[in-house]
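Since this is a predicted model, take the numbers as computed values, not measurements. Here is the naming used below: chain letters follow the sequence lines, and residue numbers restart at 1 for every chain.
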Amino acid sequence: MTSAIVASELVRYYGDLLAVDHVNFEVQQGEIFGYLGPNGAGKTTTIKILTGLLKPSEGTARVGGYDILRDIHEIKGLIGIVPEVSNVYDELTAWDNLIFAAELYDVSRSEREKRATEFLGMFDLYDRRDSKVGGFSKGMKRRLTIAMALIHRPSILFLDEPTTGLDARSAVFVRDLIRSLNDEGITVFLTTHYIEEADQLCDRVAIISEGRIVASGAPERLKSLVLGVHIVEVSFDRVNGGVVHDLEAISGCDAVVKQGDKFNLYTQEPAEVLPGLMGYAEERALRVISLNTLKPRLEDVFLKMTAPVGG
Amino acid sequence: MRRKKGLFGRVTRELLGAIRIAKKDIKIYYLKPPVIMFGFFFPGFTYLAFTVGRSLEPTLLIPGLVAITSFFAAGSLGPAVLPLERKTKTLERLLVAPVSPFAIILGKTLAGFTYGFILSLVPLLIGVVFLGIGIATPILFILGLALSALTFSAFGILFSARAEEMPNAMMPMNVIRFPMLFVSGVFVPLATMPRYLRAIAYLMPLTYSVDALRQTVLGSLEPLMLLRDMAALSLFLILFLGAATMALRRDTR
Ligand SMILES: Nc1ncnc2c1ncn2[C@@H]1O[C@H](COP(=O)(O)OP(=O)(O)O)[C@@H](O)[C@H]1O
Ligand SMILES: [Mg+2]
């Protein structure tokens with residue numbers, strides 16, 4: 001099976017500004033790949049290069065098995081693009097927007113109308129199909145933009161910050177939609193600066209900062225790779241002095257931090273710490289009020305990896 | 001996506017793409033104020049201003065009026081369409097779709113052409129119905145008008161192909177459009193112009209359009225001259241389309 005996207009040593013300058021700096025990554029067919037980075041990191045520039053809107057200054061990439069420099073015309077029919085800005089035609093109705101998008105991709109007349117109807121339903125826009133899009137909310141325009149990107153049934157979908165600026169409900173709708181599209185087999189390449197979004201949605205993530213990829217892998221692996229630790233969070237009905245010291249003595253526990261009425265036990269092996277912790281509580285007649293294992297957050301990885309040198 | 005193979009398939013696909021883009025532009029932009037203003041009122045008023053008190057023969061007046069109407073109307077679509085599409089990023093939608101930059105330029109040119117062609121039928125009908133002029137060779141006249149409207153539309157598209165804002169396209173275009181109006185022989189016969197002005201006139205597409213339309217209305221056909229007019233207009237058309245396509249390609253550099 002060929003990879004859906006392979007970026008090889010991509011470089012892009014804007015004048016003197018180096019926006020993308022020798023970027024390499026590979027996206028497997030059928031996965032959701034997250035391209036995570038702060039504003040100005042080079043996410044949009046990378047998407048533009050992969051979709052033929054910009055030429056790389058150096059390097060190349062393959063999308064759907066085709067080279068972006070040689071066969072961009074072949075690639076165009078395979079991909080759907082949801083840009084950062086919802087670029088719908090405000091003066092046209094939702095229906096006309098969808099039909100035009102289908103026409104641009106040479107979808108046959110009978111299919112055009114069938115799919116437009118299907119997508120309007122799926123995106124909860126059917127009742128507004130004859131309204132001009134200019135009056136739509138941000139969330140509705142976003143949904144229509146996604147529908148327009150799907151109308152030719154692409155096998156690879158690019159989304160540039162799909163939920164940025166949306167209200168919570170629309171954002172949830174969009175995330176659920178991305179998941180269900182992926183379930184149907186569509187490969188998804190999405191950029192985001194929301195760490196939670198990358199964590200929840202993506203099979204694999206690449207973290208980009210100042211044009212360079214600073215870490216990549218499955219979110220879970222990234223977290224453990226960088227931090228290598230888990231956190232057991234516990235609270236008791238009473239707090240005695242010296243608890244921190246006692247907890248630190250539990251086998252497998254590396255460090256303890258008191259946070260409010262909770263204690264965070266840092267460990268490489270949560271399974272080893274737990275029996276010791278329960279034994280300690282019993283021995284001291286403490287009742288455990290709450291017990292959680294906290295995962296290290298992708299945010300910790302992100303902050304660590306994208307922090308300025310020395311910061 | 002359906003894919004037709006071979007050169008014929010490719011040409012059909014590009015043409016179809018262009019026509020669909022034109023259809024969409026017609027739907028969106030025909031009612032935009034600058035398009036209406038420059039396309040409709042403007043040529044009418046300018047023409048009136050310059051012919052009042054002058055007694056041009058209707059058979060010279062009407063073809064001239066038809067030419068400048070198509071000149072202003074067809075050329076006004078580009079500045080109204082392209083900068084806005086660039087600003088709202090809908091141009092990116094076209095650029096990432098499987099249609100070539102040439103098809104995009106051609107589509108926009110066709111939208112301006114349709115507008116210019118239809119609007120210039122207004123002065124033509126006025127001439128025929130109220131002034132009683134006849135058109136000696138109607139088929140050649142329509143052909144000349146169509147070629148003129150296409151060329152003028154491509155002229156407007158070329159001026160807008162890199163613009164981010166409408167005034168950035170409209171202003172430089174008008175700087176050229178107005179002098180063109182005066183040296184093209186619409187108001188002042190070329191024969192009475194000083195030599196250097198005449199030389200400039202022959203660098204302007206409007207000159208050939210006016211000449212072609214007058215010849216076909218009057219019926220005083222000089223086949224060679226008409227052929228020269230058509231050839232010159234076609235050359236300008238190819239030049240404008242090619243330059244505009246190259247300008248649009250710079251978007252994806
Ligand atoms: N057209 C452009 N001209 C000049 N600089 C640009 C242009 N587009 C983006 N940049 C710069 O390139 C860098 C990366 O931008 P971008 O890819 O848009 O980042 P992101 O999408 O991650 O926010 C930024 O420093 C940005 O200012
Ligand atoms: Mg961006």
Practice item. Determine yes or no for a side-chain-to-main-chain donor-acceptor pair under 3.5 angstrom, with A:Asp67 supplying the side chain and A:Arg70 the backbone. Key: yes
Check your understanding: Is the B:Phe178 to B:Phe182 ring centre distance short of 6.0 Å?
Key -> no
Review point. Considering residues at least two apart in sequence or located in another chain, which fulfil the side chain to side chain contact (heavy atoms under 4.5 Å, CB included) criterion with A:Ala94?
Key: A:Leu120, A:Val133, A:Phe136, A:Leu144
Practice item. Mind checking side chain to side chain contact (heavy atoms under 4.5 Å, CB included) for A:Arg153 and listing every partner two or more places apart, or none if nothing turns up? Key: A:Arg115, A:Glu118, A:Phe119
Point to revise | Distance-only donor-acceptor check, side chains A:Thr187 and A:Glu31, under 3.5 Å | key: no
Practice item. Would you check, one step at a time, whether the test side-chain hydrogen bond (donor to acceptor under 3.5 Å, both in side chains) holds for A:Ser180 with A:Asp183? Key: CA-CA 5 Å; A:Ser180 67; A:Asp183 286 343; over 6 Å; no
Check your understanding: Side-chain contact, heavy-atom cut-off 4.5 Å: B:Phe236 with B:Met204?
Key -> no
Exercise for review: Please test A:Asn182 against A:Arg179 for side-chain hydrogen bond (donor to acceptor under 3.5 Å, both in side chains), starting from the C-alpha separation and ending with a verdict.
Suggested key: CA-CA 5 Å; A:Asn182 182 246; A:Arg179 262 188 220 103; over 6 Å; no
Exercise for review: Would you mind checking which part of B:Ile21 comes under 4.5 Å of any heavy atom in chain A, side chain (CB onward), backbone (N, CA, C, O), both or neither?
Suggested key: both
Review point. Checking heavy atoms, do the side chain of B:Arg253, its backbone, both or neither come under 4.5 Å from chain A?
Key: backbone
Review point. Measuring heavy-atom distances to chain A, does B:Thr88 have an atom under 4.5 Å in its side chain, in its backbone, in both, or in neither?
Key: backbone
Exercise for review: Please confirm whether the backbone N or O of B:Leu241 pairs with a side-chain atom of B:Thr245, one donor and one acceptor, at under 3.5 Å?
Suggested key: yes
Review point. Does anything in residues 81-90 of chain A get under 4.5 Å of chain B by heavy atoms, and if so which residues?
Key: A:Ile81, A:Pro83, A:Val85, A:Asn87, A:Val88, A:Tyr89
Check your understanding: Which residues in residues 46-55 of chain A have any heavy atom lying under 4.5 Å from a heavy atom of chain B?
Key -> A:Lys48, A:Thr51, A:Gly52, A:Leu53, A:Leu54, A:Lys55
Review point. What residue, out of B:Leu95, B:Asp251, B:Thr90, B:Leu91, has the most heavy-atom pairs lying under 4.5 Å from chain A?
Key: B:Thr90
Point to revise | Ring centre gap for B:Phe240 and B:Phe159 strictly below 6.0 Å | key: no
Check your understanding: Can the positive tip of B:Arg20 be found less than 6.0 Å from the middle of the six-membered ring of A:Phe100, inside 45° of the ring normal?
Key -> no
Study note, to complete from the structure: Turns out that what part of B:Leu84 lies under 4.5 Å from chain A's heavy atoms comes down to side chain
Point to revise | Near-ring test B:Phe152/B:Phe72, centroid separation under 6.0 angstrom | key: no
